[in-house]
Peer 1: 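Quick one: the structure is below, questions incoming.
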Amino acid sequence: MARTGLDDTPLMNLPPPVIEVQRRPPEAIPVTGVLQAGSARVDLTPGFLSSLAGWGPTLATSRRTRAAWGRLFARVLVLDDGQGERVALIAADLHAATRYVTERLAEHTAALGLHVGRLFLAGTHTHSGPGNFYANTYYDTFAQTEPLLKEQGLDPVMVDYLVERLGLGVREACARLRPARVGHGVARLWRYSRNRSLGALRENFPGLDDSALRQRVSALGFPSGTLAVSPPDLPLDQVCVDPRIQVLWAEEADAPHRPIGAFGTFGAHASLLAKEHPMCSPDFFGVATRHAEHLLRGAAGEPGPVVALAAGAIGDSDAARPGMTLEALKKAREDRTQNLSLMEEVGRAVGAQLAKACEDARTQVKASLRITALFDEPTIRDATLKDGRRLPTAALVGAPTLRGSEMGGGVTFFKEGERLEGLPDTDPQWPKAPPRALERLIRESLKYQPHTLPLRLLKVGDLWLMGCPGEPTSWLAHELTQTMLARGAREVMVAGVCGDYAGYLTTEREYKAQHYEGSSTLWGRNTEPWLLERFDALALSATTAIPSGAARFTIKPGKHQALTQPQPPTSEFTPSWPRPPELAAPRISNGRLVLAGRWFAWAPQERGELGWGAWLRLEDADSGEQLHSANRPLDDQHHTFLLEFIESAGVLEWRWMVVLDDWEHLRGRKIRFRTQGPRGVSVRPPPGARWPEANLLLNMAA
């Protein structure tokens, strides 16, 4: 249970409150002698008007959820080696996993044998998910797109909600454990990612021309030395990334070996949804996982696997579209219609390769292996390297951080590559130039920056998964991989934003360039060698002591808005409609069925309610039977609906739209949509009103 060290009353000249999470000893894990696996999927979608994290603060405007495109999920894969070791791999549609959420989750999972070191909680790094769950004074202020000087801080309601949902997912996955076979698979996807910081990456290879650089960076996609090259027509920035989609796959041990689930990684920022759109979304990672699950489910209609995809080496890699320049892509993102089409196209391409990686894994599964979960929480502040170099005594960001990356606009006053040459080159933060205009405010937020960086190394047979508490660049992830290969790993997966969020993680040479990524590497130029040394030591560990004691967090409490207006003209729990709902005439677009409608409501929304079930479902108007598409129920939890609201004439006008590939079986049926109110409570129609209906005509042209 979390407790507050100081009360929340604002007192001048006193430090922020301190929260402690007492670690509970885990229950013993039964020794069965049988490798087991189980999976689950749970909804994490927050309530409307939640702050959206990922793009950083503004001077005036807020970016809060006024629409949703797809739902946020956590996908869980639990592995138990039958020898007393059990781990939960979780990919959540969040900007990052955080140390506070992970510690709070461990309170719920201790009874399942899962302490904090056995929770491999990674984010997809979507820039359109909720924020204010970091328990970090810097990121609870600067990660959200909110006015800079507005009251912000930790949102305890959001944290409780996320922990509850994540805990439910882990419990369900453990309850579904069954004998399994496990394997590792790889697929490569070119042309859909690009290195956005090519100048900084070049610093790793002084003197190499373009041709030599292409050959050298082929190691990103083929780290074990396989003789292979990237497509020769690729632009250089699309070569200098890790193109691999890697998965850890689990299927039932007994024939017909039905799939259980997978945990994968891919190195590209989930930020195709533009900052200008106040929309909650899992971004193209959500499209990819849903598409992969559909492809792996096949036509049999069985439940199919839960396929998780987490962020990999994302530090300097952004999503791309074949043949589209960066400027054209940024322009497409600004238009919401084009933006959603762009996410759909990229997500489906990633999903297709994700499914191929799963199929590759199925060809090399094992029914018996040992799992070793290694966990360390070293202090990076003022740490000393083996060669005597030191890490800084305080975290710091530079001016280019406020300039923003190429994909997300920042403050143009600041310049990329800005350096402070006046510092001695022995200073561990050299040559970082602080943003003078906001230096005092930022330093105050960073004063309490956690200096404990949790590191995770999960050995599943000879596949090793590394959990980094930040955004590693492509070449840093490669250096980490090489360190693990030298220690005995056959394959290595690097997951970013895993277990906590400590900003960017760059190589020493990339850091010195002071592009956006190096400027945002909080702990300075020696972060790379520190990580290499600590992970190397972790790889040599035989076991991990059970974490004990209390985890401490210095927080900034915040006040957070929920959607409560307009108020209904009645005190009834389930108010009626102010106006009848409407269903648009079904239409065909490029062979796909487009359905849309709207309804009008007085009802205010409780915070967090979207995760309590479908808001919207489509059904047969004659029988009331819920309709299906692609072997899934036709509602906004199983399909990507666009759901949004506007305030219109004193009421909330809710609009929705869905586009279906699989719809031919619906020809000739009369359909209607039905909405659910807070926590699944149906909204009652006014006297004489009915849910709108529409016929899917037999002669509709496909």
Side-chain angles (χ1 to χ4, degrees), residues 2-21 50-58 62 94-104 123 129-160 162-163 377 379-382 391-398 401-402 429 432 434-435 437-454 469-471 497 499-504 519-524 550-560:
R3 63 184 180 84
T4 305
L6 296 172
D7 65 33
D8 293 336
T9 304
L11 300 173
M12 293 184 65
N13 303 318
L14 285 181
V18 173
I19 286 180
E20 289 186 351
V21 179
S50 298
S51 294
L52 296 172
W55 292 114
T58 63
S62 293
L94 298 172
H95 181 247
T98 72
R99 193 165 64 97
Y100 184 51
V101 169
T102 309
E103 292 282 359
R104 289 284 307 279
N132 301 111
F133 58 89
Y134 303 87
N136 176 312
T137 58
Y138 176 62
Y139 286 113
D140 279 326
T141 299
F142 285 92
Q144 289 66 235
T145 309
E146 293 285 346
L148 188 59
L149 301 179
K150 188 176 180 180
E151 174 66 22
Q152 299 178 53
L154 184 70
D155 183 350
V157 175
M158 181 64 70
V159 171
D160 289 347
L162 293 175
V163 170
E377 40 190 350
T379 296
I380 191 170
R381 182 179 65 189
D382 202 28
L391 278 293
T393 57
L396 182 67
V397 298
T401 297
L402 275 71
Q429 291 284 15
K432 187 180 289 178
L438 296 171
E439 182 176 359
R440 182 176 179 181
L441 176 63
I442 292 176
R443 283 187 183 271
E444 187 66 25
S445 295
L446 283 169
K447 183 188 298 184
Y448 306 99
Q449 181 66 23
H451 50 80
T452 296
L453 266 62
E471 302 179 53
V497 293
D500 199 11
Y501 187 61
Y504 281 77
S519 172
S520 303
T521 298
L522 300 181
W523 294 102
R552 294 170 60 86
F553 303 87
T554 302
I555 67 161
K556 177 183 178 182
K559 298 178 181 179
H560 300 277

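These numbers were taken from a predicted model, which means no experiment stands behind them.
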Peer 1: Test I442 against L402 for side chain to side chain contact (heavy atoms under 4.5 Å, CB included), laying out the working first.
Peer 2: CA-CA 11 Å; I442 292 176; L402 275 71; 3.7 Å; yes
Peer 1: List the residues meeting side chain to side chain contact (heavy atoms under 4.5 Å, CB included) with Q449, not counting sequence neighbours, and say none if there are none.
Peer 2: N136, Y138, Y139, A395, L446, L522, W523
Peer 1: Can you list everything that forms a side chain to side chain contact (heavy atoms under 4.5 Å, CB included) with A135? Sequence neighbours excluded, please.
Peer 2: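 Counting only residues at least two positions away or on another chain, A135 forms a side chain to side chain contact (heavy atoms under 4.5 Å, CB included) with Y100, L154, F553, I555.
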Peer 1: State, with a plain yes or no, whether a side-chain heavy atom of S51 is found less than 4.5 Å away from one of T145.
Peer 2: no
Peer 1: Which value, rounded to the nearest 0.5 Å, describes the distance between Q144 atom CD and N132 atom CG?
Peer 2: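 Interatomic distance, Q144 CD to N132 CG, rounded to 0.5 Å: 4.0 Å.
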Peer 1: So, K432 side chain and T521 main chain: donor-acceptor pair closer than 3.5 Å or not?
Peer 2: yes
Peer 1: Do you know the tightest heavy-atom contact between G524 and P392?
Peer 2: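 Here G524 and P392 meet closest at N-CG, 4.5 Å.
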Peer 1: Please give me the minimum heavy-atom distance between T141 and T137, naming the atom from each residue.
Peer 2: OG1-O, 3.0 Å
Peer 1: Side chains of R99 and P454, heavy atoms from C-beta outward: is any pair under 4.5 Å?
Peer 2: yes
Peer 1: Could you pull out all residues at least two apart from R443 that satisfy salt bridge (charged side-chain N to carboxylate O under 4.0 Å, His left out)?
Peer 2: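 With sequence neighbours excluded, R443 shows a salt bridge (charged side-chain N to carboxylate O under 4.0 Å, His left out) to E439, given in chain and number order.
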Peer 1: Just say parallel, tilted or perpendicular for the rings of H95 and Y501, cut-offs at 30° and 60°.
Peer 2: perpendicular
Peer 1: Under the side chain to side chain donor-acceptor pair (under 3.5 Å) test, which residues partner E103, sequence neighbours left out?
Peer 2: R23
Peer 1: Answer yes or no: is there a donor N or O on one side and an acceptor on the other, between the side chain of D382 and the main chain of T393, under 3.5 Å?
Peer 2: no
Peer 1: How far apart are the closest heavy atoms of V163 and R104, and which atoms are they?
Peer 2: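 In terms of heavy atoms, the two residues are closest at CG2-CB, 3.6 Å.
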Peer 1: For L52, give me all partners under side chain to side chain contact (heavy atoms under 4.5 Å, CB included), at least two apart in sequence or on another chain.
Peer 2: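 With neighbours one apart ignored, the set is R63, T65, C280.
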Peer 1: For residues A394 and Q429, report the shortest heavy-atom separation together with the two atoms involved.
Peer 2: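 Closest heavy-atom pair between A394 and Q429: O-NE2, 3.2 Å.
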Peer 1: What are the two closest non-hydrogen atoms of T102 and G499, and how far apart are they?
Peer 2: OG1-O, 3.7 Å
Peer 1: About how many Å separate NE2 of H451 and OG1 of T379, when rounded to the nearest 0.5 Å?
Peer 2: 5.5 Å
Peer 1: When rounded to the nearest 0.5 angstrom, what is the spacing between OH in Y134 and CE in M158?
Peer 2: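 Output value for this atom pair is 11.0 Å.
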Peer 1: Go through the structure and list residues passing side chain to side chain contact (heavy atoms under 4.5 Å, CB included) with S519, not counting sequence neighbours.
Peer 2: P400, T401, Q514
Peer 1: For F133, does its backbone N or O pair with a side-chain atom of T98 as donor and acceptor, under 3.5 Å?
Peer 2: yes
Peer 1: Taking all atoms of both residues into account, what is the closest heavy-atom pair of G398 and P435, and its distance?
Peer 2: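 For G398 versus P435, the nearest heavy atoms are C-CD, 3.8 Å.
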